[in-house]
Amino acid sequence: QVQLVESGGGLVQPGESLRLSCAGSEFTFGTYSMFWYRQEPGKEREFVAAISSNGINIRYSDSVRGRFTISRDNAKAIVYLQMNSLKPEDTAMYYCNADPYDRVNLRRPYDYWGQGTQVTVGS
């Protein structure tokens, strides 16, 4: 069974940075596209970033493009989300997601999720 474990969240001030990590296990990490989503309380889970299995095809939401960078290390089976210039509206639970069909454009995410890591931006 697919296992995804996020880490790296925390409390930061506006303008600061965080790097999230998602470690995959129990599946062939290097053949899956990987995603980051986020969710605020009472709101729908929203797409943040996606990366193809080989790291070549990358997609971002408009709200994070230019500030966030998704990357992956297939040898370590980890996908990262570097978050710079953080804003209060980035506050959310951040979730890792995996797609066995190696897609980066999905209307509905594939149902492989991590447990989430909390990011809070504020003073």
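Counting begins at 1 with the first residue of the sequence.
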Q) Just by modelled atom types, is the Gly9 backbone N or O under 3.5 Å from a matching donor or acceptor in the Thr117 side chain? A) yes

**Q.** Side chain proximity check, Phe27 to Gln1, heavy atoms < 4.5 angstrom
**A.** no

Q | Thr69 side, atom OG1; Ile58 side, atom CD1 - distance, nearest 0.5 Å | A | 8.0 Å

Q.
With a 3.5 Å distance limit and no angle check, can you tell me whether Asn57 reaches the backbone of Val104 through a side-chain donor-acceptor pair?
A. no

Q | Donor-acceptor contact below 3.5 Å, side chain Asp99 vs main chain Tyr110 | A | no

**Q.** Ala98 to Tyr32 - nearest heavy-atom pair and separation
**A.** CB-CD2, 3.8 Å

Q: To the nearest 0.5 angstrom, please state how far the CG atom of Asn74 sits from the OG1 atom of Thr28.
A: 11.0 Å

Q) Does the side chain of Gln118 reach to within under 4.5 Å of the side chain of Thr91, using non-hydrogen atoms? A) yes

Q.
Using the side chain to side chain donor-acceptor pair (under 3.5 Å) criterion, which residues pair with Asp102? Sequence neighbours excluded.
A. Ser53

Q) Which residues pass the side-chain contact (heavy atoms from CB on, under 4.5 Å) test with Leu11, sequence neighbours left out? A) Thr120

Q | Where at least one partner belongs to residues 68-82, residue pairs that pass salt bridge (charged side-chain N to carboxylate O under 4.0 Å, His left out), sequence neighbours excluded | A | none

Q: Find out if a path of hydrophobic residues (ILVMFWY) with successive side-chain heavy-atom gaps under 4.5 Å connects Ile56 to Ile78.
A: no

Q) How many angstroms lie between atom CZ of Arg45 and atom CG of Asn97, to the nearest 0.5 angstrom? A) 8.5 Å

Q. At what distance, to the nearest 0.5 angstrom, does OH of Tyr101 lie from OG1 of Thr31?
A. 11.5 Å

Q: Write out all pairs satisfying salt bridge (charged side-chain N to carboxylate O under 4.0 Å, His left out) with one or both partners inside residues 7-33, taking only residues at least two apart or from two chains.
A: none

Q | Heavy-atom side-chain proximity of Val48 to Tyr95 below 4.5 angstrom | A | no

**Q.** ring pair (Phe, Tyr, Trp, His ring centres under 6.0 Å) partners for Tyr94, two or more places apart
**A.** none

Q | Selection residues 78-97 - residue pairs positive for salt bridge (charged side-chain N to carboxylate O under 4.0 Å, His left out), sequence neighbours left out | A | Arg38-Asp90, Arg67-Asp90

Q: Can you tell me which residue pairs pass the salt bridge (charged side-chain N to carboxylate O under 4.0 Å, His left out) test with a partner in residues 52-62, sequence neighbours excluded?
A: Asp62-Arg65

Q. Do the side chains of Met93 and Val12 join up, straight or via other hydrophobic residues, at under 4.5 Å, putting them in one cluster?
A. no

Q) Centroid-to-centroid, Tyr37 to Trp113, below 6.0 Å? A) yes

Q | Backbone of Gln115 reached by a side-chain donor or acceptor of Glu6 within 3.5 Å | A | yes

Q: Sequence neighbours left out, what pairs pass ring-ring contact (aromatic ring centres under 6.0 Å, His included) with at least one residue falling in residues 56-93?
A: none

Q) Of Leu81, Val79, Ile70, which is the lone residue that meets side chain to side chain contact (heavy atoms under 4.5 Å, CB included) with Leu20? A) Leu81

Q.
Under 4.5 Å between side-chain heavy atoms, counting indirect links through other Ile/Leu/Val/Met/Phe/Trp/Tyr residues: same cluster for Phe47 and Trp36 or not?
A. no

Q. Who pairs with Ser25 by side-chain contact (heavy atoms from CB on, under 4.5 Å), at least two apart in sequence or on another chain?
A. Gln3

Q. What pairs of residues pass the disulfide bond (SG atoms under 2.5 Å apart) test when at least one of them lies in residues 56-123, not counting sequence neighbours?
A. Cys22-Cys96

Q: Answer yes or no: is there a side-chain heavy-atom contact under 4.5 Å between Phe35 and Leu106?
A: yes

**Q.** Residue list, side chain to side chain donor-acceptor pair (under 3.5 Å) with Ser7, at least two apart or on another chain
**A.** none

Q) Who pairs with Glu40 by side chain to side chain donor-acceptor pair (under 3.5 Å), at least two apart in sequence or on another chain? A) none

**Q.** Whether Gln13 side chain and Gly122 backbone form a donor-acceptor pair below 3.5 Å
**A.** yes

